[in-house]
Amino acid sequence: MSAGRVLVTGGTSGIGAAICRRLAADGWHVAVAGRSVERASALAAEVGGVAIVGDNTDPTHDPVADAARALGGLDAAVLNAGVILDADLLSTPDADWDLLLHVNVLAVQSQALAARAHLAATGGSLLFTSSDAGVWGEAPIAAYSVTKRMVLAMARCLAAEWGPQGIRVNALCPGDTAPGMLTTTTGRRAPGTSDGWLPPPLGQIVEADDVAAAAAFLLSGEARRISGVGLLIDAGMRSSSTGFTAAQEASS
Amino acid sequence: MTGILVVGGPAELAAAIGGTSHCPLTTRTAVCAELASASGIDRAVIVALPERGETLGQTSPDAFARLADAWLTVPAGAVKTLAALGQPLRITLVFPASACMPDHRDGARSVVAAGLAMLVEVSSALPGLAVNGVAVADDVPLEEVAAVVRMTLAGDLVALNGATIRLDGGRDAVMAAETRAED
């Protein structure tokens, strides 16, 4: 028996791919959305789902409609696709600012609106991927921080607006995650290692599977009274302004 | 201290702040061109106060994109241009109070305002800049807004950086009971 039908955008790599695999393991029928035909098809075949191919910068790309058509409706949507730029505000080209705003915010709002009717029909759930940088900004990823704060605000606003329709809306706020963001404004980067990353207070870097577990919980019936939250999955990094020193101090 | 440049907002607010020059918040290209040639200023105020709007779900993607472009992208471009001047500056952004606690009935504006609040935070780390925010409810008198803005521009408040001061009469300090009843 299927747990439900779910669309995962940005589902072909990093956190999105981990979410697809976890939800499929939990019995969901998954629409894997991404830009690469090869990656989307391969992962869809792996999880017994369907592939949705398109680019969020393409105004004709409508992954919600495609997924609803392929799956026969939607019980959940994970709007996870995003792009990052490693730059402070001064070093952020206007075109990159525009791209981050479009992919991380405007496309998410558009897809959320497209999903509303499907989710209202099923009492479904909407999940955004924000970031710990949306909770507490990071100057070296300035534009990204701005867009992810907006995603958090979107989750809260839609949770209140659509709650009476039975739709829950939440946001994931992953900290430094491996493998995490692979899409930058200049293209796709190779998955790197977490070598050199500052360890969070719990000592272990967050893994994509950790974020996927949080997603699975928030989409499950266990979370039926949870809406409008931004759930930090950062191993405690945002618990203190000097959280990055905790693990080092403990080991010294 | 030299001059205060006010970008956007009504002329009355610019005057109440004590602005020595005032330009409208139009397009990114126009505002950035104007600011790139600014001289004789050590303080700047960017007023980004869009009209109250609809819920996020009622706002079409096109309208939301226009809102974000006009009221977030242009201020971000202004801050970036001011930072590129390479001189010490105190900058204050004025934006809707829903930046701090979103109002879903005014959702689209709340989301843009949230972005402005984060813009303050990430800009405050840029060398030479002290950037703060004043989050204003719609019914706050202009003189009161100006008084708080002037305070944030004071040169001796060195530690005041990256902060947002909420001017809403305490409305969002607690859950508004009347909102729950109305809904």
Side-chain angles (χ1 to χ4, degrees), chain A residues 59 62 87-94 97-98 100-102 104-117 120 126 130-131 133-165 167 169 228 230, chain B residues 28-29 32 54-69 72-77 79-86 98-129 131 162 179-180 183:
Chain A
D62 188 350
D88 65 17
L89 184 70
L90 190 55
S91 307
T92 300
D94 288 350
W97 171 277
D98 294 343
L100 265 79
L101 187 64
H102 184 89
N104 294 358
V105 179
L106 302 179
V108 172
Q109 187 250 3
S110 176
Q111 291 164 8
L113 265 58
R116 188 203 59 77
L126 191 56
S130 175
S131 167
V135 176
W136 191 351
E138 296 183 38
I141 46 173
Y144 181 78
S145 297
V146 169
T147 60
K148 291 304 182 179
R149 174 69 64 82
M150 296 172 80
V151 171
L152 268 179
M154 284 201 291
R156 296 173 72 184
C157 287
L158 292 179
E161 183 180 352
W162 292 349
Q165 299 172 40
I167 301 172
V169 188
Chain B
R28 177 168 59 191
T29 301
C32 292
E54 296 181 303
T55 70
L56 190 61
Q58 291 170 332
T59 304
S60 73
D62 284 347
F64 185 51
R66 286 194 298 273
L67 186 76
D69 183 61
L72 174 66
T73 293
V74 179
V79 173
K80 178 183 159 187
T81 304
L82 289 168
L85 294 175
S98 56
C100 306
M101 172 63 89
D103 178 354
H104 75 279
R105 298 169 303 181
D106 184 26
R109 186 173 70 153
S110 295
V111 172
V112 171
L116 288 162
M118 179 57 87
L119 179 62
V120 166
E121 295 170 31
V122 296
S123 302
S124 66
L126 291 172
L129 298 190
V131 186
T179 301
R180 300 173 72 180
D183 289 350

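Because only heavy atoms are used, hydrogens play no part in the values below, and waters and symmetry mates are left out as well, while side chains stay in.
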Restricting to non-hydrogen atoms, name the atom on [X] and the atom on [Y] that form the minimum distance, rounded to 0.1 Å.
| X | Y | result |
| --- | --- | --- |
| B/Thr59 | B/Ala108 | OG1-CB, 3.5 Å |
| A/Arg149 | B/Ala117 | NH1-CB, 4.2 Å |
| A/Leu152 | A/Gly134 | CD1-O, 3.7 Å |
| A/Pro164 | A/Ala160 | CD-O, 3.4 Å |
| B/Pro61 | A/Leu113 | CD-CD2, 4.0 Å |

[Y] backbone acceptor or donor facing [X] side chain under 3.5 Å:
| X | Y | answer |
| --- | --- | --- |
| B/Ser123 | B/Val120 | no |
| A/Ser130 | A/Lys148 | yes |
| A/Thr147 | A/Val105 | no |
| B/Thr81 | B/Gly77 | yes |

Specify which of [options] makes the most heavy-atom pairs with chain A at under 4.5 Å.
| options | answer |
| --- | --- |
| B/Val79, B/Asp106, B/Thr73, B/Val112 | B/Thr73 |
| B/Gly107, B/Gly115, B/Ala125, B/Pro127 | B/Gly115 |
| B/Leu119, B/Asp69, B/Thr55 | B/Thr55 |

With a 4.5 angstrom heavy-atom cut-off, which part of [X] approaches chain A: side chain, backbone, both or neither?
| X | value |
| --- | --- |
| B/Leu126 | side chain |
| B/Ala76 | both |
| B/Leu72 | both |

Checklist entry - What residue, out of A/His102, A/Met150, A/Arg116, has the most heavy-atom pairs lying under 4.5 Å from chain B? => result A/Met150

Next on the checklist: I'd like to know which of A/Asp94, A/Leu106, A/Leu90 tops the heavy-atom pair count under 4.5 Å against chain B.
Outcome noted: A/Asp94

Where does [X] contact chain B at under 4.5 Å (heavy atoms): side chain, backbone, both or neither?
| X | value |
| --- | --- |
| A/Thr92 | backbone |
| A/Ala133 | backbone |
| A/Asp88 | side chain |
| A/Gln109 | side chain |
| A/Leu89 | both |

